[in-house]
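Computation of the quantities below employed the complete heavy-atom set of this structure, encompassing side-chain atoms and omitting hydrogens, waters and symmetry-equivalent molecules.
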Amino acid sequence: MKKYIGEIGLTITAIIWGSGFVMSALALDYYTPYQILAVRFAVGAILLGLVFHKKLRQLNKAVLWKGTLLGVLLYAAFALQTVGLQFTTPSKNAFLTGVNVVIVPFIAFILYKRKLDTFELFGAVLALIGVAVLSLQWSSGINLGDVLTLGCAVMFAFHIFYTGRFVQTEDAILLTLLQMGAAALIACVTVFGLGEMSFSMHPTGVSSVLYLAVFSTTIAFLMQTVGQKHISETKAAIILSTESVWGMAFSVALAYEVLTGRMFIGALLIFIAILISETKPKFFKKRSIQQVKERKV
(Lines give C-alpha, C1' and ligand atoms only; values in the text may rest on other atoms or scores of the structure.)
Protein backbone atom coordinates (compact mmCIF):
# COMPACT_ATOMS: atom_id res chain seq x y z
CA MET A 1 0.00 0.00 0.00
CA LYS A 2 2.84 2.41 0.88
CA LYS A 3 4.41 1.80 -2.54
CA TYR A 4 1.18 2.79 -4.27
CA ILE A 5 0.94 5.90 -2.11
CA GLY A 6 4.42 6.85 -3.31
CA GLU A 7 3.54 6.21 -6.95
CA ILE A 8 0.30 8.20 -6.71
CA GLY A 9 2.09 11.08 -5.00
CA LEU A 10 4.82 11.22 -7.64
CA THR A 11 2.25 10.98 -10.45
CA ILE A 12 0.35 13.94 -9.01
CA THR A 13 3.67 15.79 -8.76
CA ALA A 14 4.36 15.14 -12.44
CA ILE A 15 0.85 16.33 -13.37
CA ILE A 16 1.30 19.55 -11.40
CA TRP A 17 4.72 20.15 -12.97
CA GLY A 18 3.20 19.51 -16.39
CA SER A 19 0.58 22.17 -15.78
CA GLY A 20 3.38 24.54 -14.78
CA PHE A 21 4.72 24.78 -18.34
CA VAL A 22 1.79 26.97 -19.38
CA MET A 23 2.03 29.09 -16.22
CA SER A 24 5.77 29.51 -16.68
CA ALA A 25 5.19 30.84 -20.19
CA LEU A 26 2.71 33.39 -18.81
CA ALA A 27 4.96 34.38 -15.90
CA LEU A 28 7.94 35.00 -18.21
CA ASP A 29 5.97 37.80 -19.87
CA TYR A 30 6.14 39.78 -16.62
CA TYR A 31 9.18 38.57 -14.67
CA THR A 32 12.76 37.52 -15.29
CA PRO A 33 13.59 33.82 -14.77
CA TYR A 34 15.49 34.63 -11.57
CA GLN A 35 12.58 36.64 -10.18
CA ILE A 36 10.28 33.68 -10.80
CA LEU A 37 12.64 31.35 -8.95
CA ALA A 38 12.92 33.79 -6.05
CA VAL A 39 9.12 34.07 -5.70
CA ARG A 40 8.59 30.32 -6.10
CA PHE A 41 11.04 29.30 -3.41
CA ALA A 42 10.36 32.22 -1.03
CA VAL A 43 6.59 31.64 -1.06
CA GLY A 44 7.19 27.89 -0.73
CA ALA A 45 9.44 28.37 2.28
CA ILE A 46 6.97 30.77 3.94
CA LEU A 47 3.94 28.51 3.39
CA LEU A 48 5.73 25.41 4.62
CA GLY A 49 7.09 27.36 7.57
CA LEU A 50 3.65 28.60 8.56
CA VAL A 51 2.03 25.18 8.33
CA PHE A 52 4.84 22.98 9.64
CA HIS A 53 6.86 25.31 11.90
CA LYS A 54 6.58 22.81 14.78
CA LYS A 55 8.71 20.41 12.72
CA LEU A 56 11.65 22.75 13.31
CA ARG A 57 11.81 21.37 16.87
CA GLN A 58 13.32 18.23 15.32
CA LEU A 59 16.13 20.27 13.76
CA ASN A 60 19.65 18.94 14.18
CA LYS A 61 22.94 19.21 12.29
CA ALA A 62 22.34 16.05 10.26
CA VAL A 63 18.94 17.02 8.84
CA LEU A 64 20.08 20.64 8.42
CA TRP A 65 22.94 19.81 6.10
CA LYS A 66 20.84 17.26 4.22
CA GLY A 67 18.04 19.77 3.63
CA THR A 68 20.55 22.45 2.66
CA LEU A 69 22.23 20.12 0.16
CA LEU A 70 18.88 19.33 -1.45
CA GLY A 71 18.11 23.07 -1.64
CA VAL A 72 21.45 23.83 -3.31
CA LEU A 73 20.95 21.01 -5.83
CA LEU A 74 17.40 22.17 -6.51
CA TYR A 75 18.31 25.78 -7.16
CA ALA A 76 21.39 24.83 -9.21
CA ALA A 77 19.24 22.61 -11.43
CA PHE A 78 16.65 25.31 -12.08
CA ALA A 79 19.30 28.00 -12.62
CA LEU A 80 21.27 25.89 -15.13
CA GLN A 81 18.05 25.04 -16.95
CA THR A 82 17.05 28.71 -17.09
CA VAL A 83 20.40 29.98 -18.31
CA GLY A 84 20.76 27.08 -20.72
CA LEU A 85 17.41 27.92 -22.33
CA GLN A 86 18.85 31.30 -23.36
CA PHE A 87 21.39 29.57 -25.63
CA THR A 88 19.55 26.51 -26.92
CA THR A 89 16.10 25.57 -28.22
CA PRO A 90 13.20 24.78 -25.85
CA SER A 91 12.89 21.27 -27.30
CA LYS A 92 16.56 20.44 -26.67
CA ASN A 93 16.31 22.03 -23.23
CA ALA A 94 13.36 19.79 -22.36
CA PHE A 95 15.03 16.67 -23.75
CA LEU A 96 18.41 17.21 -22.08
CA THR A 97 16.69 17.94 -18.76
CA GLY A 98 14.96 14.58 -19.14
CA VAL A 99 18.33 12.84 -19.33
CA ASN A 100 18.22 12.78 -15.51
CA VAL A 101 16.04 9.69 -15.75
CA VAL A 102 18.98 7.55 -16.92
CA ILE A 103 21.58 9.24 -14.69
CA VAL A 104 19.85 8.36 -11.41
CA PRO A 105 20.50 4.57 -11.45
CA PHE A 106 24.17 5.11 -12.34
CA ILE A 107 24.63 7.49 -9.39
CA ALA A 108 23.49 4.69 -7.09
CA PHE A 109 25.74 2.19 -8.88
CA ILE A 110 28.90 4.34 -8.97
CA LEU A 111 28.71 5.99 -5.55
CA TYR A 112 27.05 3.26 -3.51
CA LYS A 113 27.69 0.08 -5.55
CA ARG A 114 23.95 -0.54 -5.73
CA LYS A 115 23.11 -3.24 -8.28
CA LEU A 116 21.45 -1.96 -11.44
CA ASP A 117 17.91 -3.24 -11.84
CA THR A 118 17.71 -4.40 -15.48
CA PHE A 119 14.04 -3.61 -15.93
CA GLU A 120 14.19 -0.21 -14.22
CA LEU A 121 17.25 0.70 -16.30
CA PHE A 122 15.51 -0.39 -19.50
CA GLY A 123 12.44 1.55 -18.43
CA ALA A 124 14.59 4.64 -17.80
CA VAL A 125 16.15 4.44 -21.27
CA LEU A 126 12.75 3.91 -22.88
CA ALA A 127 11.35 6.88 -20.95
CA LEU A 128 14.21 9.03 -22.25
CA ILE A 129 13.46 7.90 -25.81
CA GLY A 130 9.83 8.83 -25.21
CA VAL A 131 10.83 12.31 -24.02
CA ALA A 132 13.01 12.65 -27.15
CA VAL A 133 10.18 11.69 -29.48
CA LEU A 134 7.77 13.92 -27.60
CA SER A 135 9.83 17.08 -27.44
CA LEU A 136 13.03 17.00 -29.45
CA GLN A 137 13.41 18.86 -32.73
CA TRP A 138 16.78 17.82 -34.08
CA SER A 139 19.34 20.51 -34.82
CA SER A 140 23.02 20.09 -35.55
CA GLY A 141 25.79 21.13 -33.20
CA ILE A 142 26.25 21.34 -29.46
CA ASN A 143 26.36 24.77 -27.86
CA LEU A 144 26.82 26.28 -24.41
CA GLY A 145 23.10 26.00 -23.68
CA ASP A 146 23.18 22.26 -24.30
CA VAL A 147 26.10 21.80 -21.90
CA LEU A 148 24.42 23.91 -19.19
CA THR A 149 21.14 22.02 -19.60
CA LEU A 150 22.97 18.71 -19.31
CA GLY A 151 24.43 20.07 -16.07
CA CYS A 152 20.85 20.77 -15.01
CA ALA A 153 19.96 17.11 -15.67
CA VAL A 154 22.86 15.99 -13.49
CA MET A 155 21.71 18.29 -10.66
CA PHE A 156 18.13 17.02 -10.91
CA ALA A 157 19.38 13.43 -10.92
CA PHE A 158 21.40 14.01 -7.73
CA HIS A 159 18.40 15.78 -6.21
CA ILE A 160 16.10 12.83 -6.93
CA PHE A 161 18.69 10.34 -5.71
CA TYR A 162 19.55 12.10 -2.44
CA THR A 163 15.90 12.89 -1.74
CA GLY A 164 15.18 9.17 -1.86
CA ARG A 165 18.22 8.42 0.29
CA PHE A 166 17.72 11.11 2.95
CA VAL A 167 13.99 10.58 3.36
CA GLN A 168 14.62 7.05 4.63
CA THR A 169 16.12 8.41 7.87
CA GLU A 170 14.80 11.98 8.12
CA ASP A 171 11.34 13.54 8.32
CA ALA A 172 10.08 14.21 4.79
CA ILE A 173 8.25 17.43 5.68
CA LEU A 174 11.24 18.87 7.54
CA LEU A 175 13.53 18.01 4.62
CA THR A 176 11.17 19.79 2.23
CA LEU A 177 10.97 22.84 4.47
CA LEU A 178 14.76 23.08 4.83
CA GLN A 179 15.50 22.61 1.13
CA MET A 180 12.89 25.21 0.24
CA GLY A 181 14.45 27.66 2.69
CA ALA A 182 17.95 27.07 1.32
CA ALA A 183 16.79 27.49 -2.29
CA ALA A 184 14.84 30.64 -1.35
CA LEU A 185 17.90 32.18 0.31
CA ILE A 186 20.09 31.53 -2.75
CA ALA A 187 17.36 32.77 -5.11
CA CYS A 188 16.77 36.02 -3.20
CA VAL A 189 20.50 36.76 -2.93
CA THR A 190 20.81 36.16 -6.68
CA VAL A 191 17.96 38.54 -7.53
CA PHE A 192 19.40 41.19 -5.21
CA GLY A 193 22.87 40.76 -6.71
CA LEU A 194 21.50 41.12 -10.25
CA GLY A 195 19.54 44.23 -9.28
CA GLU A 196 16.20 42.71 -10.33
CA MET A 197 14.25 44.07 -7.37
CA SER A 198 11.37 45.63 -9.35
CA PHE A 199 8.46 43.17 -9.55
CA SER A 200 5.40 43.58 -11.76
CA MET A 201 2.02 43.57 -10.00
CA HIS A 202 0.00 42.80 -13.13
CA PRO A 203 -2.84 40.38 -12.19
CA THR A 204 -1.91 37.83 -14.86
CA GLY A 205 1.74 37.85 -13.85
CA VAL A 206 0.97 37.64 -10.14
CA SER A 207 -1.55 34.82 -10.53
CA SER A 208 0.72 32.75 -12.76
CA VAL A 209 3.79 33.07 -10.53
CA LEU A 210 1.71 32.34 -7.42
CA TYR A 211 0.40 29.17 -9.09
CA LEU A 212 3.99 28.11 -9.69
CA ALA A 213 4.89 28.95 -6.09
CA VAL A 214 1.94 27.25 -4.38
CA PHE A 215 1.31 24.24 -6.61
CA SER A 216 4.41 23.57 -8.74
CA THR A 217 6.78 24.28 -5.86
CA THR A 218 5.26 23.97 -2.37
CA ILE A 219 2.78 21.15 -2.93
CA ALA A 220 4.66 19.33 -5.70
CA PHE A 221 8.03 19.12 -3.94
CA LEU A 222 6.37 18.15 -0.66
CA MET A 223 4.59 15.29 -2.44
CA GLN A 224 7.80 14.29 -4.21
CA THR A 225 9.73 14.07 -0.95
CA VAL A 226 7.01 12.13 0.85
CA GLY A 227 6.43 9.88 -2.18
CA GLN A 228 10.08 8.95 -2.53
CA LYS A 229 10.04 7.44 0.94
CA HIS A 230 8.16 4.46 -0.49
CA ILE A 231 9.69 3.98 -3.94
CA SER A 232 13.13 3.48 -5.53
CA GLU A 233 14.99 6.48 -6.95
CA THR A 234 15.06 5.10 -10.50
CA LYS A 235 11.34 4.35 -10.52
CA ALA A 236 10.71 7.82 -9.10
CA ALA A 237 12.71 9.38 -11.94
CA ILE A 238 10.72 7.39 -14.51
CA ILE A 239 7.37 8.46 -13.06
CA LEU A 240 8.52 12.09 -12.83
CA SER A 241 9.54 11.97 -16.51
CA THR A 242 5.80 11.94 -17.33
CA GLU A 243 5.97 15.66 -16.57
CA SER A 244 6.59 16.21 -20.28
CA VAL A 245 3.50 14.14 -21.17
CA TRP A 246 1.26 16.12 -18.83
CA GLY A 247 2.79 19.36 -20.08
CA MET A 248 1.83 18.35 -23.61
CA ALA A 249 -1.67 17.36 -22.46
CA PHE A 250 -2.31 20.72 -20.78
CA SER A 251 -0.85 22.57 -23.75
CA VAL A 252 -3.15 20.73 -26.17
CA ALA A 253 -6.18 21.12 -23.88
CA LEU A 254 -5.62 24.89 -23.68
CA ALA A 255 -5.13 25.10 -27.46
CA TYR A 256 -1.46 26.12 -27.27
CA GLU A 257 -0.52 23.10 -29.40
CA VAL A 258 -2.18 20.59 -31.72
CA LEU A 259 -1.84 16.89 -30.89
CA THR A 260 0.38 15.10 -33.40
CA GLY A 261 1.26 11.47 -34.02
CA ARG A 262 4.78 12.07 -32.72
CA MET A 263 3.41 13.43 -29.43
CA PHE A 264 1.17 10.40 -29.03
CA ILE A 265 4.02 7.95 -29.70
CA GLY A 266 6.32 9.77 -27.27
CA ALA A 267 3.71 9.71 -24.53
CA LEU A 268 2.98 6.02 -25.20
CA LEU A 269 6.67 5.11 -24.89
CA ILE A 270 6.91 6.86 -21.51
CA PHE A 271 3.87 5.05 -20.14
CA ILE A 272 5.21 1.71 -21.47
CA ALA A 273 8.46 2.48 -19.64
CA ILE A 274 6.51 2.85 -16.39
CA LEU A 275 4.69 -0.43 -16.97
CA ILE A 276 7.96 -2.25 -17.66
CA SER A 277 9.68 -0.91 -14.56
CA GLU A 278 6.59 -1.65 -12.46
CA THR A 279 5.25 -5.02 -13.67
CA LYS A 280 7.81 -6.82 -15.85
CA PRO A 281 10.00 -8.09 -12.99
CA LYS A 282 6.91 -9.52 -11.27
CA PHE A 283 5.84 -11.19 -14.50
CA PHE A 284 9.20 -12.89 -15.00
CA LYS A 285 9.45 -13.76 -11.32
CA LYS A 286 6.09 -15.55 -11.44
CA ARG A 287 7.07 -17.19 -14.70
CA SER A 288 10.38 -18.44 -13.33
CA ILE A 289 8.66 -19.87 -10.23
CA GLN A 290 6.15 -21.62 -12.46
CA GLN A 291 8.97 -23.09 -14.58
CA VAL A 292 10.71 -24.42 -11.47
CA LYS A 293 7.50 -26.09 -10.32
CA GLU A 294 7.00 -27.63 -13.78
CA ARG A 295 10.53 -29.01 -13.75
CA LYS A 296 9.95 -30.57 -10.34
CA VAL A 297 6.77 -32.22 -11.64
[X] side chain to [Y] backbone, donor-acceptor under 3.5 Å:
X	Y	result
Q228	I160	yes
Y31	S200	yes
T217	V214	no
T218	A213	yes
Q35	S198	yes

Can you check whether [X] reaches [Y] side chain to side chain, under 4.5 Å on heavy atoms?
X	Y	answer
H202	D29	no
F52	T176	no
I107	E233	no
F215	M23	no
Q81	M155	no
W65	F166	yes
L70	L178	no
F221	W17	yes

How close do [X] and [Y] get, heavy atom to heavy atom, and via which atoms?
X	Y	answer
T32	E196	OG1-OE1, 2.6 Å
A45	L177	O-CD1, 3.8 Å
T82	P33	CG2-CB, 2.8 Å
L80	L148	CB-O, 3.5 Å
L212	A27	CD1-CB, 4.2 Å
T149	G84	OG1-CA, 3.9 Å

Q.
As a test of understanding, state which of T11, I5, I12, L10 forms a side chain to side chain contact (heavy atoms under 4.5 Å, CB included) with I8.
A.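 Output: one option passes, namely I12.
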
Give, for atom [atom1] of [X] and atom [atom2] of [Y], the distance between the pair rounded to the nearest 0.5 Å.
X	Y	atom1	atom2	result
Q168	T163	CD	OG1	11.0 Å
Q224	K229	CD	NZ	14.5 Å
L126	L268	CG	CG	9.0 Å
L174	Q179	CG	CD	11.0 Å
I238	S232	CD1	OG	7.5 Å
F122	I272	CZ	CD1	9.5 Å

[X], [Y]: one ILVMFWY side-chain cluster at the under-4.5 Å cut-off?
X	Y	result
L50	L175	no
V191	I46	no
V189	V83	no
V39	L28	yes
V51	M180	yes

(Q) Under 6.0 Å between ring centres: does that hold for F199 and Y30? (A)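 No; Y30 has its ring centre 6.0 Å or more from that of F199.
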
Q | Worked verdict on L240 versus F156 for side-chain contact (heavy atoms from CB on, under 4.5 Å) | A | CA-CA 11 Å; L240 291 174; F156 271 129; over 6 Å; no

Q. Does the pair L111 and F158 meet the rule for a side-chain contact (heavy atoms from CB on, under 4.5 Å), with working shown?
A. CA-CA 11 Å; L111 296 184; F158 273 102; 3.9 Å; yes

Q) Do you know which of S216, S24, S19 makes side-chain hydrogen bond (donor to acceptor under 3.5 Å, both in side chains) with Y211? A)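 Exactly one option meets the side-chain hydrogen bond (donor to acceptor under 3.5 Å, both in side chains) with Y211, and it is S19.
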
Q) Checking side-chain contact (heavy atoms from CB on, under 4.5 Å) for the pair K235/E7: CA distance, chi angles, key distance, verdict? A) CA-CA 9 Å; K235 193 173 292 183; E7 291 174 349; 4.0 Å; yes

(Q) side-chain contact (heavy atoms from CB on, under 4.5 Å), that's the test. Do Q58 and V63 meet it? Break it down for me. (A) CA-CA 9 Å; Q58 305 173 23; V63 71; over 6 Å; no

